[in-house]
Amino acid sequence: MAEQEAKELVLPVEGMTCAACAARIEKTVSRLDGVRSCHVNLASEKATVVVGPGMDWRTVKERIEKTGYAVPLRTAEFKIDGMTCASCAARIEKVVGRADGVASVQVNLASEKGTVEFVPGLIDEQGIIARIERAGYGAVAMKNVDEVDERRRRQARYRRDLYTFLGSVVLTLPLVIQMFVMLAGGHAFLPIWLSFALATPVQFYVGWRFYQGAYHSLRGGAANMDVLVALGTSVAYVYSTILAALGHSDTYFDSSATVITLIFMGKLLEARAKQQSASAVESIAGLAAKEAHVIRDGQEVDVAVEQLRVGDVLRVRPGEKVPADGLIVEGSPSIDESFLTGESVPVNKTVGHPVYGASVNQLNAFTMQVTRVGSDTALAQVIRLVNQAQGSKAPVQRLADKISGIFVPTVLGVAVVTFLLWGVFGTWSHALLAAVAVLVIACPCSLGLATPTAIMVGTGLGAEFGILIKGGEHLELAHKVNAVILDKTGTITEGKPSVTDVLPTEGTDSEQLIRFAAALEAQSEHPLARAVTEYAKLRGIENTTATGVEAIPGHGIVGTVEAHQVLIGQISWLEEQGIAGLNPTMVANLEEQAKTVVCVAIDGSFAGVLGIADRVKSDAKRTVQALARMGIDVWMITGDHARTAHAVASQVGIQRVIAGVLPADKATKVKELKEQGRIVAMVGDGINDAPALAAADIGIAMGTGADVAIEAADIALVRSEMYGVVRAILLSRLTMRKIRQNLFWAFFYNILGVPLAAIGLLSPMIAGAAMALSSVSVVSNSLLLKRAHRAMKGDGY
C-alpha cells in the first residue's frame, strides 16, 4: 500500500556542469525525510525523485536550490471561458494551485485570462487546462488563440446574446405590465396558462446559461453567482407552477422571468463594458501593417507581414506603414512614430537610422532591412507589456478575493434562515419572495470586477501616453511614492552632451589636446566619450590610436598615445595620481556654468580641460514643480562633481542633490532613503542605473522609443520627455481612486442589499435589477478613467 502511495517527481535542473554536481544533488535531496530515491541525469538535466505521502514537491525544489542549482519555472497564459463572477476565478485559482508543479496562478475575471507559473516536468500546459476543465470551465493556451478570430467570436456571441435578450424582453413585458396593473389595484388579464407559457422559455432558454454555469460550478465543488440566480428563479418558477396546477391565480411567474431578463441585461452590458476596457490593446494591435513590399532579385513582391524574416529588404512608399523593425539602407524619409513615442511631429531619418513597425512614412520612399519581426518588434513588446499588466492582480484585490470565496455559501445560509424565519413568524409565500430576493440580490461579480477593470482601463490609458506598467502591483504601489530620485544624464538632461570649451595649458596645443583625448575616448562607451570623439570629427582632427587603454569606473581612463602616457578624468582623480600643475580655478569656473569638466594629463603633467555641456530637457523644471505640488520630495543623483550637479539642479528647481556617486553606489543611496521610511521611485535610463532601479520601490526607466522592455524597471516610459514621471504617478493615483470607489460601492451594495432583501423590503424583481446594475456600475465607473486625458496631459498640474 505504501508503495502505491509513492509519487515520482521529475524536475528540470539548471546549473550542473559535471557528474559531481549530479552526485551532490542526489546526496542532499536523498537526506530529506520522505524521499525514497533520487536520480539526477546530467545529460537531460533532470532529477527524478520518488517521494512518499505527505512530501511536497516545493520541499524538493527548495533543497535543490539550496544546494546551489536552479529549478526553472515557466509561465503560460490561458484564455478561460465560462467565468461569471469572482467566485469562479477564485475556484480556478484554488483547483489549479493545488496541482504539483504549480508555483503561482492568477485568474483575471475582467480579461478572462489566467497566468500560471509552473515547473515543466511536474505539469505541462495540457495538465493545467485539464485542471481548469475539471473545475467546470473551458481553457485554451493563449499562444494558440488567434486574436482576430477571438475578436470575431466575441462579437458574434454578443450579437447572439443581444437577440436572446430582445426575445426575453418581448416575452417578459406582458408579465411586467400585468404586475403593475395589479399593483395599481387592477385585475390580472393574462390567463394562468399564458403566464406559464411566457415564463417557461425565459426560465429555461434565456436562463440556460445560469443553469449551465451553476452545474459546472457545483460539479467543481464550489458555488458561484449562477447558483444563486438559478436557485432563486427556479424556486419562484417551480412554486408558481405548482400553484397554477392547483388552480391558484396568485403566482410569481412575473418575478422569475423579470429577474432572469434583468440579470441577462446586466451581463450583456457588462460584456460590452469589459470589451471597452480592453480596447487599448486591440487598438494598439490594429496599428500593425498587413502587407510588405519585399525586394527579391530586383523586383518588388507583396507578402503578408507574418512571412517576413530578419534580413529581408523592403520598400516603403509615402503614406504606408512600416511593416517591421529595421534600419534604413536607402532614402531620407519623414516618419510618424507617434504610436510609440507620443510625439506628433514626424522624425526625419536617413541611412543607418532605425525605423519601427506600425510607424507611418509621411514623406519620401525608402528602403529598409528588417532586423526584428513578430514578437520581437517594438509594437509587440508594447502589446506584451500592456497585456501582462492587464492580466495581473493588484494586492488590494486580495481582500475582495477572500470575501468572494466565502460569499456564495454565506448568502445561501442567509437565504435559508430568511425563508425559515419568515415562514414561522410570517407567511410562507412572503418567506419564498424574501428568500428569492436574498439569493438574487447578492452579487460577488461587482467585487470581482472592481479592481481588474480599473487596472485594465488604467494600463490602457497609460499605454496611450507611452507609460508601460509591468503589473498591477506596481500600479498600486506607485500612488504611495513620496520620494523621487532622478538620474541626471539622460533623465534631467537630454543625454546628448557636446564639447563646448577646450582650454589647453600653456605649452599644449589645443589640437593635440583634442587628438589625445579622442584617441582614448574612442575606446570608451561613456556618453562623455562620444561627445569628445564627435567633436574631434567635427574639427577634422585626424584619428590616432591609443594603446594599453584601461577604464577606471567612476574616475576616468588611462592609456598611451603616440608614446605619451595620457590620463583623462575628474580633477580629484588626477590629484590622487599625483599630476603636476593642476588648475582647480579653471575647473571650478566651468563647473559653475553647469558643465562637466574632463581634465587631461600628458606624461604626468596637467595639459588642459574640456568643458562638456548636456542640455537640460525642456520639461524638466515643469516636472519638478509638478512633483513638488503632489507632495513628493525630489532628489537628483549623479556621478558629476558637486558644483556641476548643483548648477544643473538649480536650473530645474531641485534642492536635494547627491553628487559624486559611482554607478555601483546609486543603489546604496536608494536603500538609504528607503530605510528612512520613504516610498522611493528611482528614475534612470534603465541600463547604467539598473541596480538602483531594482533597489527602489518603483523603478521608472526612461525609454528611447524601441527600448520598452527594460527588465530592471517596473514602469517604462517610451517617450523621452521627463513629464512622464508625473503622469505615471498621477495615473496610479487616479486608478487607485477608482479601485477604492469600486470596492466601496461593491461592499456597500451587498452590505445594504442583502439585509433589506432578508427583512422583506425588496421584491425579487427590484433585487434582480439591482444585481444587474451593480456590476455594470462598477465597470462603467472604471471606464470613466478614460476621461482623465486632461489631467494626464498636465493641464491639472
Side-chain angles (χ1 to χ4, degrees), residues 1-16 22 24-80 83 88-108 113-144 216-217 219-222 391-393 398 401 405:
M1 183 65 181
E3 289 300 324
Q4 292 177 353
E5 292 177 347
K7 185 167 53 177
E8 183 179 88
L9 305 175
V10 181
L11 290 86
V13 180
E14 290 182 348
M16 295 186 293
R24 187 178 174 213
I25 295 171
E26 289 177 354
K27 184 178 179 180
T28 55
V29 172
S30 296
R31 288 177 184 162
L32 284 170
D33 290 336
V35 172
R36 300 184 177 179
S37 69
C38 176
H39 174 70
V40 179
N41 189 314
L42 176 63
S44 63
E45 295 187 319
K46 289 181 179 178
T48 303
V49 186
V50 178
V51 299
M55 170 60 75
D56 186 50
W57 66 272
R58 291 180 178 84
T59 306
V60 178
K61 175 178 176 288
E62 287 169 6
R63 178 55 64 94
I64 293 173
E65 290 173 340
K66 282 182 180 178
T67 309
Y69 304 91
V71 177
L73 297 175
R74 266 189 59 199
T75 301
E77 272 195 315
F78 301 89
K79 177 75 177 147
I80 302 175
M83 293 190 295
C88 300
R91 175 65 184 163
I92 295 170
E93 288 182 347
K94 187 176 180 181
V95 171
V96 176
R98 284 199 299 246
D100 278 346
V102 174
S104 68
V105 53
Q106 286 191 348
V107 177
N108 190 309
K113 292 177 183 177
T115 303
V116 182
E117 196 176 33
F118 62 96
V119 178
L122 292 183
I123 195 169
D124 57 14
E125 290 183 3
Q126 287 305 312
I128 294 169
I129 289 173
R131 282 264 173 174
I132 296 172
E133 291 174 344
R134 193 181 307 166
Y137 306 90
V140 60
M142 281 300 297
K143 65 183 181 182
N144 298 325
H216 287 307
S217 177
R219 190 187 69 174
S392 66
K393 282 189 177 183
R398 290 174 190 152
D401 287 347

Which heavy-atom pair separates Ile25 from Cys38 by the least distance, and what is that distance?
-> O-SG, 4.4 Å
Within the distance-only criterion (no hydrogens, no angle test), does the side chain of Glu93 pair as donor or acceptor with the backbone N or O of Val107 below 3.5 angstrom?
-> yes
Distance (rounded to the nearest 0.5 Å) between Ile64 CD1 and Glu14 CD | 12.0 Å
About how many Å separate NZ of Lys113 and CD1 of Ile80, when rounded to the nearest 0.5 Å?
-> 11.0 Å
How long is the gap from CD1 on Ile92 to CD on Glu133, to the nearest 0.5 Å?
-> 11.0 Å
Shortest non-hydrogen contact between Ala141 and Ile129, atoms and distance = N-CD1, 4.0 Å
Before giving the answer on side chain to side chain contact (heavy atoms under 4.5 Å, CB included), spell out for Val35 and Val49 the whole-Å C-alpha distance, their side-chain angles and the decisive distance to 0.1 Å.
-> CA-CA 7 Å; Val35 172; Val49 186; 3.8 Å; yes
Which atom names give the shortest non-hydrogen contact between Leu73 and Val119, and what distance separates them?
-> CD2-CG2, 3.3 Å
Heavy-atom check, side chain of Arg31 versus side chain of Arg63, under 4.5 Å = yes
From CZ (Arg58) to CG (Leu9), nearest 0.5 Å = 11.5 Å
Heavy-atom pair of closest approach, residues Arg131 and Val96 | CB-CG2, 4.1 Å
Taking all non-hydrogen atoms of both residues, which atom of Asp100 and which atom of Ile123 are closest, and how far apart?
-> O-CB, 3.6 Å
Residues passing the side chain to side chain donor-acceptor pair (under 3.5 Å) test with Thr28, sequence neighbours excluded, are Thr67
Could you give the distance from CZ (Phe118) to CD (Glu125), rounded to the nearest 0.5 Å?
-> 5.0 Å
Whether Glu26 side chain and Val40 backbone form a donor-acceptor pair below 3.5 Å = yes
Once you round to the nearest 0.5 Å, how far does OH of Tyr69 lie from CZ of Arg24?
-> 5.0 Å
Nearest heavy-atom pair of Ile132 and Gly138: which atoms, and what distance?
-> CG2-O, 4.3 Å
